[in-house]
Amino acid sequence: MLAAYYVIRPLREQLAAAVGSTQLPWFYGATFIGTLLLSPLFGALVTRWPRRVVLPLVYGFFIACLVGFVPLFAWPGLLTPRALGMVFFVWVSVFNLFVVSVFWSFMSDIWSSEQSRRLFPIIAVAGTVGAVTGPMLTRSLVGVIGVAPLLLVSAGLLCLALGCAIALGRWARRHGARRHEPGHEAAVGGGMFDGLKQVFADPFVRNMSILLLLADGIGTVNYALVTDYSGATFVDAVARTRFAANIDLAGNLLTALTQLTLTRWLLPRKGPGTVIMIWALVSISALALVLFSRDPHAPLLLGMPAVAVALIVSRGLAYGMAEPARHSLYTRVPRNVRYKGQNAVDTAVWRFGDLSIALGMNGLRVLGISTAGFAGISAAAALLAAGIGWRLSRRPEGVPAAEAARLPS
C-alpha cells in the first residue's frame, strides 16, 4: 500500500513545486472539500457493510482512479498543467488519507491494546519498506518509462495490497484477538455523520484532532518551505521529481531506522506518551537548524539545505515514532470511534489543518515572517503536541470518554 502511494507522491510534489507554495491554499482547500464530502460516504459504508466489504470497495475505487489518470499524463493537452496539478494533488491527498486511514482502522480493529504496542512498530517497519521502495522505483523508472506508466505501477502494487487485506481479514476471523467480541465482524452501525460529530462531541476524538493538527502544522510548514526551495532551484519536472523522490527516500530510511530501534523498544515498554514526547523534542532540534541558520537554502548535509533536513527529520520521526504511537491509542476505544472517529480525524481534520496552515502562512508572509519565523512557530507546535500526547496516553483503557476527560492528567 505505501509503495503504491510513494510511487506517485513525487509526481504530485513536482506539480506543486511548479506552481509554488502560495498556491497551496487552493490545493488544500479543494482537498478539504473532497475529504469533507467523502467522510460521510465512508461513514455510510461502515454503518451498513462489514469490513470485509468496505476494504475491497475503498481500494478498488482508488485502483480504478489510478488507471483513469493515465491518459491525462500521457497526453498533456487534455488538461492545462495548472488544472492537472490541482486535480492530481487533490486526488493523491485524498487517496493517501483514506487508504491509510482504512488500513489503520483495520489494524486497530483486529489487535488488542497490548498487541498494538508490540506489533504496530513491526507493522510500521514493513510499511516503511514499501515507502522506501516506492520512491526508489520512481527515481529509477521515471527516466526510462516516463511519468504516465508510473500510475499503472502504483495500481498494480495497490492490487497486491488489496489481496493482502482480504487474506488478513480471513485470518482475523479465525485467530484475531478480538474475534470473540460481540459484533466483531458486523457493520459498525450508527449514522453516516457520526465521525464528524465525534470530533466535536467526544473528548478523546477532540483531543486526538488537536494533536493531529499540531503535528500536521509541523509537516505542512516544512513542506511549504521545501516546495519553495524546489521551485526556485530546479527548472524542469524530471529534476523536481527526482529531488522529491530523494526527500522521500531519506525520510523513509530514517523512519525505518527509528522503527527498528527506538519505537520497537520504547512503545511496548514506555507506552505512546513517551514515544510522542521524544518525537516532539527531536523535531524541535531539527527545526532549530532552520531557525538559527544564516541561509536555510544553502547546502548543509549531503547537499541538502536546512529546510530539507528539517523536513526529513520531522517527517521521518513522525511516521517512525508518532504515528504508530498515535494509532495505538485507538485500540482503547469502541469500534464506532476506531472506524468513524479515527477516519474523520485522519481525513477531514487533517486536510482542514493543511488548509488553515497554508492560509495562515500566506497571511504571515504579508506581515514579513521569514523562513526562520515559520521554523520557530513549528517548534512551539511540537512542544504543545508533546504535552497533549502525554495526557492522552494517561487515559485509562475502558473508561468512557466523558468520564476520562474529568480525570487528572
Side-chain angles (χ1 to χ4, degrees), residues 2 6 9-10 12-14 16-17 20-21 24 124 128 131-132 134-136 138-139 214-234 239-263 275-323 354 357-358 361 364-365 369-386:
L2 286 182
Y6 277 101
R9 180 182 168 118
R12 184 194 75 170
E13 310 300 53
Q14 69 90 5
S21 70
L24 288 178
T128 302
V132 171
M136 289 179 66
T138 298
R139 190 174 64 173
L214 292 168
D216 182 43
I218 301 167
T220 301
V221 168
N222 286 337
Y223 173 71
L225 298 179
V226 170
T227 295
D228 284 340
Y229 168 81
S230 177
T233 305
F234 305 104
R240 288 193 299 268
T241 300
R242 186 174 288 112
F243 173 73
N246 288 336
I247 291 284
D248 285 341
L249 179 58
N252 292 337
L253 288 173
L254 179 59
T255 295
L257 180 63
T258 55
Q259 288 168 344
L260 287 168
T261 54
L262 285 174
T263 310
V275 175
I276 292 173
M277 185 78 69
I278 293 174
W279 154 74
L281 294 177
V282 177
S283 296
I284 291 171
S285 300
L287 288 162
L289 295 175
V290 180
L291 182 60
F292 298 109
S293 174
R294 291 184 177 179
D295 181 6
H297 286 181
L300 177 67
L301 182 64
L302 299 177
M304 291 286 185
V307 290
V309 173
L311 177 61
I312 290 168
V313 172
S314 61
R315 180 186 288 173
L317 295 186
Y319 290 111
M321 301 183 72
E323 283 296 281
D354 287 341
I357 293 159
M361 287 187 70
L364 290 173
R365 283 191 179 101
I369 299 297
S370 64
T371 298
F374 287 122
I377 293 172
S378 293
L383 187 62
L384 186 55

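Nothing here was measured: the structure is a model prediction, and the numbers come from that model. As a basis for the values below, the full set of heavy atoms in this structure was taken, side chains included, without hydrogen atoms, waters or symmetry mates.
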query: Of the non-hydrogen atoms in Tyr6 and Thr138, which two are nearest, and what is the gap between them?
result: O-OG1, 3.8 Å
Smallest separation among heavy atoms of Ile218 and Ser378, with atom names: CG1-O, 3.6 Å
statement: dist Leu257:CG -> Leu262:CG (nearest 0.5 Å) comes out at 8.0 Å
- request: Give the minimum heavy-atom separation between Ala131 and Pro135, together with the two atoms involved.
  value: O-CD, 2.7 Å
Separation of Ile357 CD1 from Ile377 CD1 (nearest 0.5 Å): 10.5 Å
task: Look up atom CZ in Arg240 and atom CZ in Phe234, then write down how far apart they are to the nearest 0.5 Å.
output: 10.0 Å
message: For a quick test of reading the model, state the closest non-hydrogen atom pair linking Thr371 to Pro296 and the distance between them.
response: CG2-CG, 3.9 Å
- request: Return the set of residues passing side chain to side chain donor-acceptor pair (under 3.5 Å) with Glu323 (not counting sequence neighbours), or none when no residue passes.
  value: Arg326, His327
query: Do Leu253 and Leu249 come within less than 4.5 Å of each other through their side chains, counting heavy atoms only?
result: yes
- request: Only counting residues at least two apart or in another chain, list the ones meeting side chain to side chain donor-acceptor pair (under 3.5 Å) with Asp216.
  value: Thr220, Trp350
Hey, can you pull the donor-acceptor pairs under 3.5 Å for the side chains in residues 299-321, sequence neighbours left out?
| from | atom 1 | to | atom 2 | distance (Å) |
| --- | --- | --- | --- | --- |
| Ser314 | OG | Asn222 | ND2 | 3.0 |
| Ser314 | OG | Ala310 | O | 2.8 |
| Ser314 | OG | Leu311 | O | 3.3 |
| Arg315 | NH1 | Asp248 | OD1 | 2.9 |

Side chain to side chain, Ile369 and Phe374, heavy atoms closer than 4.5 Å: yes
message: Donor-acceptor pair, distance only, cut-off 3.5 Å: does the side chain of Ser230 make one with the backbone of Val226?
response: no
message: Looking at Thr255, is its backbone amide N or carbonyl O close enough to the side chain of Thr258 to form a donor-acceptor pair, meaning the two atoms are under 3.5 Å apart?
response: yes
query: In terms of ring plane angle, is the pair Tyr229 and Phe243 parallel, tilted or perpendicular, where the classes change at 30° and 60°?
result: tilted
- line: Note: Ile284 and Ala382 closest approach over all heavy atoms is CG1-CB, 3.7 Å
field: Nearest atoms (heavy-atom pairs only) where Ala245 meets Arg139
entry: CB-CB, 4.3 Å
